[in-house]
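For reference, the structure discussed in these notes is given below.
Letters go in sequence order (proteins before strands), and every chain restarts at 1.
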Number of protein chains: 2
Amino acid sequence: MTSTYHHGDLYRQALEQAQALLHEEGAAAVTLRALARRLQVTAPALYRHFRNRDSLLAALAVHGFRELRRQLLAVRRDDALEQLTGIGQAYIAFAQARPNLYRLMFGGQLLPRGAHPDLDAAGLGAFAVLQQSIDDALAAGYLNGQPAGPLTAAAWSLVHGFAELTIDGHLPDEQQAPGLAALVTRLLLPGGPSSRDNNNP
Amino acid sequence: MTSTYHHGDLYRQALEQAQALLHEEGAAAVTLRALARRLQVTAPALYRHFRNRDSLLAALAVHGFRELRRQLLAVRRDDALEQLTGIGQAYIAFAQARPNLYRLMFGGQLLPRGAHPDLDAAGLGAFAVLQQSIDDALAAGYLNGQPAGPLTAAAWSLVHGFAELTIDGHLPDEQQAPGLAALVTRLLLPGGPSSRDNNNP
DNA sequence: GGCGCAATGTTAACGTCGTTAACACAGCAT
DNA sequence: ATGCTGTGTTAACGACGTTAACATTGCGCC
């Protein structure tokens, strides 16, 4: 019984179980005591690895942003416009696959912005991928050469808003069709969804 | 001292103070005990008027949706397109003026959808205004006659996403300029922000 | 090989919260 | 006057975040 007094690996396992808890039951269920129970450990033990509950949640969000960045970077299409829409769809797919994590990342329950520098950095890291793909699309002559700043804000707003509205069930059912994500993403582009057929690379 | 044993007006005052608490310190601070303290009343007294804390928060959200609807309905422009963009800007202005309320309304912390029928109804009531203005714009020949469903989803996603990203400080500072809201709203329209000059009614 | 220190875990305790049960007072209808 | 219904209070329970004090382990160092 004394052989496992030192857990040895608690930080990593705590993060894993916290992710599971978050995914299964939402942020409100990510409680230090519940997490401790899962890990067969007493609650104060967790304070050796996380300053407090907010730090734990922030750590989860950081991992979320890094994973989101990874998934956005995994999108690779030849055409710059295809790349942009592909990233938009990957973004939405991420949010829909992990709604509770996504809400934690963007729900605004976390702290006065700037309290967790890691978190801000991770967020910017994910944002940068989207930004880059817009720059690329502009450089390739797409998007009518509109100013990059507002374009980026609009594109991010669109995918973020769509992601949130769907995972919270705010959009009427008829509009939940899977393919709609693609359609909406393309609506941003001049000429609408049926512009020309740039479907095949 | 016994003259005020019955508060007489507690439901209304509780809602008012809860709104103040929400606006000033966020949803997490809207606690039954804190609210009771503000009202010079014991906590269990509130259970005569709200089934539990979630019901109180839901009531706040319901009022929020009704107020949002009112503000959207107050927008009146002659041109259907101006009307649509005006509504978008009013929507964003609402969120920015009451960030904590807006987060409560859309943060997804409330309930399995359908648990509070009032809330769903109030949400649809606000949504309907946006929906209507899009239908009107289509009827007036704008928006290239694109299908109304996806258009509405896209428009709502755009304003919702922009509202959330700005109130949470996720957009880089340079893009926070006040006038950007208008610009972004117009980006959805075919031809981009400088289509023609439909600025003056 | 033993020693000591730092890391990591436990126990006990405090204050806050949501919530409920039991009770107390007020006002109104009869 | 009486009693019922609405509304408020008191007391208590369990869960939570957090801290202080203490216990155990493992590793570097002699």
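- Residues forming a salt bridge (Lys or Arg N to Asp or Glu O under 4.0 Å) with R103(B) (at least two apart in sequence, or on another chain): D168(B).
- One can place CG of D9(A) at 18 Å from P of dA7(C), the figure rounded to the nearest angstrom.
- Residues satisfying the salt bridge (Lys or Arg N to Asp or Glu O under 4.0 Å) criterion with R12(A), sequence neighbours excluded, are D9(A), E16(A).
- Checked against salt bridge (Lys or Arg N to Asp or Glu O under 4.0 Å), R37(B) has no partners two or more places apart in sequence or in another chain.
- For residues 115-139 of chain A, the set of pairs meeting the salt bridge (Lys or Arg N to Asp or Glu O under 4.0 Å) definition, not counting sequence neighbours, comprises R113(A)-D120(A).
- In this structure, the ring pair (Phe, Tyr, Trp, His ring centres under 6.0 Å) partners of Y11(A), at least two apart in sequence or on a different chain, are F50(A).
- Stem regions for DNA chain D, each three or more consecutive Watson-Crick or G-U pairs with both distances under 3.5 Å and listed by first number, read C:1-30 with D:1-30.
- In this structure, Y11(A) places its OH atom 12 Å from P of dT8(C), rounding to the nearest Å.
- Atom CG of L84(A) and atom CD of Q89(A) lie 10.0 Å apart (nearest 0.5 Å).
- Listed by residue number, A45(A), R48(A), H49(A) are the residues of residues 45-62 of chain A with a heavy-atom contact under 4.0 Å to DNA chain C.
- Among pairs with a residue in residues 40-58 of chain A, none fulfils salt bridge (Lys or Arg N to Asp or Glu O under 4.0 Å), at least two apart in sequence or across chains.
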Seminar exercise, completed: Letter by letter from the 5' end, nucleotides 10-15 of chain D scores (B base, S sugar-phosphate only, - none; protein heavy atoms under 4.0 Å) BBB---

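- Shown here are the salt bridge (Lys or Arg N to Asp or Glu O under 4.0 Å) partners of R69(B), two or more places apart in sequence or in another chain: there are none.
- Applying the side-chain hydrogen bond (donor to acceptor under 3.5 Å, both in side chains) rule to pairs touching residues 23-34 of chain B yields E24(B)-R38(B), sequence neighbours excluded.
- Every ring pair (Phe, Tyr, Trp, His ring centres under 6.0 Å) that F65(A) has, sequence neighbours left out, goes to F106(A).
- When the C1' atom of dG9(C) is taken as reference, atom CD of Q13(A) falls 15 Å away, rounded to whole Å.
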